[in-house]
Protein chains: 2
Amino acid sequence: MRGRNPFDGKPQMTLRDVAEVAGVSEMTVSRVLRQRGDVSAKTRERVFAAARQLGYVPNKIAGALASNRVNLVGVVIPSLSNMVFPDVLGGIGDILDETPLQPVIGTSKYDPVHEEHVIYEMLSWRPSGLIVAGLEHTEAARAMMANAGIPMVEVMDVDGDPVAAAVGISHEAAGRQMAGEIVRRGYRRIGYLGSSSIADHRAQKRLKGFRQGLAEAGVPLSDECFYAGSSGFGTGRAMTQEILAKTPDLDFLYYNTDMNAAGGLLYLLEKGVSIPDQIGLAGFNCFEVLNGLPLRIASMDSRRKDIGRRAAELVAANELTDEVVRFDPVFLEGDTVRRG
Amino acid sequence: MRGRNPFDGKPQMTLRDVAEVAGVSEMTVSRVLRQRGDVSAKTRERVFAAARQLGYVPNKIAGALASNRVNLVGVVIPSLSNMVFPDVLGGIGDILDETPLQPVIGTSKYDPVHEEHVIYEMLSWRPSGLIVAGLEHTEAARAMMANAGIPMVEVMDVDGDPVAAAVGISHEAAGRQMAGEIVRRGYRRIGYLGSSSIADHRAQKRLKGFRQGLAEAGVPLSDECFYAGSSGFGTGRAMTQEILAKTPDLDFLYYNTDMNAAGGLLYLLEKGVSIPDQIGLAGFNCFEVLNGLPLRIASMDSRRKDIGRRAAELVAANELTDEVVRFDPVFLEGDTVRRG
DNA sequence: ATGAAAGCGCTAACAG
DNA sequence: CTGTTAGCGCTTTCAT
């Protein structure tokens with residue numbers, strides 16, 4: 001006899017078993033369990049009773065193969081430890097909860113080749129849709145995405161060339177806008193603190209836009225400081241100390257993310273620096289957990305939840321679209337910049 | 001003709017298509033693509049070329065049905081926005097990355113009934129194993145878990161009655177140990193600040209153990225403060241203000257999590273309270289992101305990564321075990337308690 | 001080293 | 001309202 005489960009334990013229960021106990025055909029059991037087609041109340045009851053009694057759990061693999069329908073939506077993000085991604089997932093979940101669709105999460109670890117494998121694995125389960133963070137993928141990944149024949153949405157970024165649909169913000173525009181807000185408030189000796197990883201495409205685009213914005217205003221970017229590793233209070237603190245040691249006369253620090261900005265804020269407050277007069281600060285993302293710092297950090301809402309929701313809606317609509325939905329990031333003044 | 005995908009677009013590509021292009025049997029293609037059995041180098045090359053040329057992606061649904069093997073491991077956690085769970089997932093991923101197994105994440109939203117549905121959904125895909133956070137589940141969920149016939153591991157908690165295997169810490173012991181550390185350092189007017197949710201079983205168990213530990217030392221718990229909603233700096237700040245308004249002479253505050261403790265710490269520092277002399281603080285979890293606060297919060301490492309790794313190892317071993325692995329939480333003194 | 005036949009558990013389609 | 005038949009795309013088994 002063939003092995004039925006990894007341990008060759010009891011063979012798995014089938015519709016047939018339920019059908020026998022209930023005294024009906026497999027087809028009738030199938031109809032009852034899926035609430036499809038008309039079944040008399042009496043038979044329905046008997047079937048339910050039999051299924052419950054046996055502890056029957058349907059085999060979705062067989063069902064999916066027969067019906068060619070899989071109620072899964074693949075979601076590929078770089079990581080779960082950076083809070084931005086769970087926020088997007090939250091938005092996706094909000095929408096999919098109203099449908100029979102279920103998200104299945106995969107992580108790329110910021111590695112395009114690994115991402116390609118994850119996408120391949122997901123597609124091999126024939127999901128009903130795929131949502132992938134970012135616009136930068138390997139050629140092979142793009143080819144798979146283009147040919148999958150399912151709704152395909154790239155999220156969080158619209159600066160680039162989507163394979164099909166995209167939902168996100170323009171990070172270049174976000175950087176440019178932030179430059180404008182800072183210059184308008186009279187800051188002129190401006191430093192940028194961010195990730196050295198070229199794999200962090202969105203942060204790189206913000207920096208690019210930020211530089212453009214400053215250039216347009218005729219203000220140079222006075223200094224930069226980069227870190228390898230992960231963002232956090234410690235990282236923000238260390239970078240802040242470093243950049244001010246190098247260039248003590250900076251009057252503004254623009255961080256790639258609120259987490260680092262928070263570390264910088266705490267450091268500067270300890271040093272007795274007057275914020276926002278002596279030095280102004282801004283971050284990115286508008287992390288809610290940080291409400292409760294001594295000062296609210298000036299930041300820009302990256303619309304993560306909205307993006308997740310809209311992407312899920314596109315997938316749930318179940319149409320092959322190449323629509324590009326662009327959200328506008330929202331500047332939050334907070335307490336760490338001079339009043340505008 | 002039957003619909004082949006949700007849009008009745010191009011029919012899905014099959015092994016047969018690759019076989020035709022390569023001029024061999026389906027069986028040979030299958031063997032090449034799975035690297036199973038002996039195939040001549042020449043045919044292998046031709047098959048690979050054909051598969052690449054066609055952009056063939058195997059159908060895991062059909063493969064799983066035929067082979068009765070599914071390389072997925074279900075992981076059910078309450079939420080992704082609380083950082084403790086991504087940490088466990090990280091540990092799981094570390095181990096599964098060395099195997100053909102892939103984690104599939106589901107969230108219960110702290111709702112046992114929802115959790116039951118998620119477990120049911122997962123089991124219906126016939127995964128190779130299941131990892132579920134916590135020991136508290138509905139009767140139906142426990143029954144499903146007991147009968148699934150696959151490696152089953154409950155994680156993060158060992159205070160209770162596991163369905164099968166369990167990997168975690170004793171939160172009661174953690175609470176008791178913390179009580180000991182606090183009393184030993186001379187604090188006597190102690191307050192607890194935590195979640196009002198009875199669904200947060202692990203925090204409740206820590207509180208229970210904390211009370212026991214204090215009682216054993218003959219010290220009463222002087223006051224408590226509970227919040228609904230999510231933890232964060234704002235929540236910690238508000239609770240701290242509230243409990244000290246009620247009971248101003250407290251000399252120690254024990255928080256359910258570091259996130260809240262951090263909010264409390266910042267609030268007290270602003271008020272000019274002398275820490276750890278006038279008031280001591282402790283949290284739980286040892287969140288790394290918080291390194292970089294003005295003071296390191298006394299805390300207890302909940303061994304999240306170790307737990308994830310060990311749980312994944314049990315699943316990867318592919319044996320039906322009911323082993324209970326108990327990790328010891330580790331007290332971290334930090335800067336917010338008097339030196340021991 | 002390769003192929004042919006059978007069937008995994010379920011559902012679509014049709015028959016009654 | 002219920003049952004029968006065929007077959008989803010792949011892998012197992014057995015044959016050559």
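Proteins come first, then strands; the chains are lettered A, B, ... in the order of their sequence lines, and each starts at number 1.
Residue B:R69 has its side chain nearest to D:dT12 when only D:dT12, D:dT2, C:dC10 are considered. Between C:dC10, D:dT2, D:dC1, one nucleotide has an atom nearer to the side chain of A:D38 than all others, and that is D:dC1. For A:M27, whose side chain is taken as the heavy atoms from C-beta onward, the closest listed nucleotide among C:dG9, D:dT12, C:dA13 is C:dA13. Considering only side-chain atoms of A:Q12, the nucleotide from D:dG3, D:dC10, C:dG9 that sits closest is C:dG9. When distances run from any side-chain atom of B:A66 to the nucleotides D:dC10, C:dG9, C:dT2, the shortest one goes to D:dC10. For A:A62, the listed nucleotide lying nearest its side chain is C:dC10; candidates were C:dC10, D:dT11, D:dT2.
Distance CD (A:E26) to C1' (C:dC8): 12 Å, rounded to an integer number of Å. To the nearest angstrom, P of D:dT11 lies 12 Å from CG of B:N71. As a whole-Å value, the separation of B:E45 CD from C:dA1 C1' is 16 Å. Separating the CD1 atom of A:I61 from the P atom of C:dT11 is a distance of 13 Å, rounded to the nearest angstrom. Rounding to whole angstrom units, CG of residue A:L15 and C1' of C:dT11 are separated by 9 Å. Rounded to whole angstrom, the span from the CZ atom of B:R36 across to the P atom of D:dT13 amounts to 11 Å. The CZ-P distance, from B:R16 to C:dG3, rounds to 12 Å in whole Å. Atom NZ of A:K60 and atom P of C:dC10 are 12 Å apart (whole Å).
A pairwise comparison of heavy atoms in B:L89 and B:V75 identifies CD2-CG1, 3.6 Å as the closest pair.
You'll find the side chain of B:L123 reaches within 4.5 Å of the side chain of B:L130, heavy atoms only. Side chains of B:Y110 and B:S197 form no contact here, defined as non-hydrogen atoms less than 4.5 Å apart. Side-chain contact between A:F85 and A:L80 is absent, with no heavy atoms from C-beta onward closer than 4.5 Å.
A donor-acceptor contact under 3.5 Å is formed by the side chain of A:R31 with the base of D:dG3.
Contact annotation: A:S25 side-chain N/O to D:dG3 OP1/OP2 distance is under 4.0 Å. Phosphate contact (OP1/OP2 of C:dA1, side-chain N/O of B:T28, threshold under 4.0 Å): absent. In this structure, B:R34 reaches the D:dT11 phosphate: one of its side-chain N or O atoms is under 4.0 Å from OP1 or OP2. Regarding contacts with the backbone of C:dG9, every side-chain N or O of A:T14 stays at 4.0 angstrom or more from both OP1 and OP2. Close to D:dT2, at under 4.0 Å from its OP1 or OP2, lies a side-chain N or O of A:S40. At the phosphate of D:dC10, OP1 or OP2 sits under 4.0 Å from a side-chain N or O atom of B:Y56.
Using a 4.0 Å cut-off between charged nitrogen and carboxylate oxygen, B:R310 and B:E323 count as a salt-bridge pair.
Each of B:T43 and B:R126 was assigned the nucleotide of DNA chain C with the nearest heavy atom; the assignment lying further toward the 5' end belongs to B:T43.
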- Item | Derivation of the salt bridge (Lys or Arg N to Asp or Glu O under 4.0 Å) call for A:R309 and A:D94 | CA-CA 7 Å; A:R309 295 175 64 97; A:D94 287 350; 3.3 Å; yes

